[in-house]
Amino acid sequence: MGKMWGGRFTKKINPLVEEFTKSIQFDKKLAEYDCLGSIAHAKMLGKCNIIPKKDAANIVSGLSSILSQIKKGSFKINNSVEDIHTLIQNALDKKIGKSSGMLHTARSRNDQVSLDMRMYCKKETNSIVTLAAGLKASIKEFSKKNIDVIVPGFTHLQNAQPVLLSHQMLAYCQMLGRDIDRLNDCGKRVDVMPLGSCAISGTSLAIDRNFVAKELGFSKVSSNSMDAVSDRDFVIEIISNLAILGMHLSRLSEDLIIWNSQGFGLVDIGDEFCTGSSMMPQKKNPDVLELVRGKCGTLYGSLVEIMTVMKGLPLTYNRDMQLDKEPLFKSIEVIESSLKILTALFKGLKVNKDRASELLQDEAIYATDIMEYLVKKGISLKDSHNIVGKIVSYGVERKLKLSEISLRNLRFFSSKFNKDVYELLDAKKSVNLKNSFGGTSPKQVRKQLKNA
Ligand code: ARG
């Protein structure tokens with residue numbers, strides 16, 4: 001099959017080398033962008049009279065018909081060629097003949113591959129941002145529906161304080177918001193047009209790089225040809241942002257897995273989102289959530305992979321850089337499928353309100369409220385902490401709930417206790433009290449819902 005090089009070689013390439021060096025099996029994903037980039041490039045070459053206008057027009061029409069074949073899925077991918085750039089060049093040669101040989105004027109695959117990757121990244125970051133916003137909306141909807149449900153919030157996976165379940169879920173909306181910001185922010189650095197950097201140093205031909213940038217919807221052109229052909233920061237940034245996003249999705253999944261376990265029974269994941277066991281007929285397992293959690297392995301793996309590939313590479317292009325694609329494609333695939341499935345799962349997620357109240361029967365969860373009660377009466381935090389700690393231990397020893405300790409006995413620990421202290425042993429009261437900005441009171445949570 002035709003190559004884009006070969007003039008200086010006297011021997012045929014060893015088939016092992018051919019097999020070892022090719023990237024078509026994965027870079028075929030870039031087919032559409034490769035055509036679009038080449039169309040803009042050919043238009044520019046014609047406009048600048050670098051190649052005859054007639055040939056430029058032939059190239060554009062040939063590439064356009066290849067592009068429509070790609071879009072229809074009828075373009076044949078020949079897995080024996082070196083890469084997608086070669087494949088499309090070969091197809092164009094076949095389609096239009098001689099004019100095709102002018103397309104690669106003032107261009108190298110080094111700047112071409114960077115252009116293709118940047119176009120791909122622009123499109124994919126946008127669609128991930130849309131999917132992440134979709135999940136955010138789904139979580140918000142779920143929170144709204146269950147705005148009144150109170151659950152034990154954990155630290156160290158131990159009961160800590162009562163919180164609104166919606167407050168906990170909206171925490172994930174905050175994380176997703178930052179993930180979206182990060183992706184949009186790195187989108188600015190992706191939005192730089194590298195074509196015209198050529199192999200390393202630019203070209204002696206009078207090209208118009210701004211024209212190409214405009215044609216392809218880029219807002220800037222790269223300003224150093226050596227940087228442009230050897231920079232993969234934009235790939236690393238996306239992969240790293242996806243690793244963080246994936247970490248958030250894994251934590252979300254873990255919270256739901258815990259809440260869905262028999263010990264908690266707080267949420268019910270719809271049947272259609274669970275799987276069974278081949279041996280235990282009673283099982284309904286949260287495999288979807290476990291896989292979202294587990295696929296973080298792939299996301300972190302991609303990050304280590306690309307960072308290691310790029311480390312220590314001398315300027316400028318090195319073939320190592322061909323290995324940027326698989327980790328990027330893998331990460332994008334994992335994140336897109338995880339976001340889609342979680343969004344759908346949230347729509348069917350049910351909360352068991354009775355279980356929520358049962359889980360709140362541990363009155364030790366109000367210890368902090370009692371401590372703040374004493375603080376409000378002028379006792380220092382340190383002393384209040386100590387007093388309530390002693391009361392909790394007194395109750396544990398005698399197997400008494402806080403509500404079962406008499407006022408007389410409470411006063412033994414501090415004379416500041418009054419009858420109203422027992423009113424604190426109530427989940428609703430407890431969350432209502434946390435009305436500091438960003439706290440878990442319904443008033444604050446409604447505010448969050450409005451701004452999420
Ligand atoms: N397949 C190559 C890649 O993805 C294209 C660039 C080839 N450039 C070269 N100088 N061999 O990096």
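Just so it is clear, the structure is predicted and the values come from calculations on it, not from any experiment. Whatever order the structure lists ligands and atoms in, that order sets their numbers, starting from 1.
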In terms of atom number and element, which parts of ligand 1 are under 4.0 angstrom from non-hydrogen atoms of Ser23? 1 (N)

Do Asp111 and Ser114 meet the criterion of a side-chain donor-acceptor pair at a distance under 3.5 Å? no

In terms of residue, atom name and distance, what is the protein heavy atom nearest to atom 2 (C) of ligand 1? Gln322 OE1, 3.3 Å

Ligand 1 atoms in contact with Asp83 (distance to a heavy atom under 4.0 Å): 1 (N), 2 (C), 5 (C)

Are any of the N/O atoms in His85 less than 3.5 Å from those in ligand 1? no

Atom 6 (C) of ligand 1 - nearest protein heavy atom and its distance: Tyr317 OH, 3.4 Å

I want to know if ligand 1 touches Arg232 in the polar sense, i.e. an N/O pair below 3.5 angstrom. no

Suppose we measure from atom 10 (N) of ligand 1 to each protein heavy atom; which comes out shortest, and what is that distance? Asn110 OD1, 3.1 Å

For the residue pair Gln322 and Thr21, what are the closest heavy atoms and their distance? NE2-O, 2.8 Å

Point-to-point distance, once rounded to the nearest 0.5 Å, from CD1 of Ile66 to SG of Cys35: 5.5 Å

Centroid-to-centroid, Phe26 to Tyr120, below 6.0 Å? no

Can you find a non-hydrogen atom of Lys325 under 4.0 Å from ligand 1? yes

Output, in order, the C-alpha distance, side-chain angles, deciding distance and verdict of side-chain contact (heavy atoms from CB on, under 4.5 Å) for Arg118 and Val192. CA-CA 8 Å; Arg118 284 177 180 273; Val192 177; 3.8 Å; yes

If I compare all heavy atoms of Asn435 with all of Gln444, which pair ends up nearest, and what's the gap? O-NE2, 3.0 Å

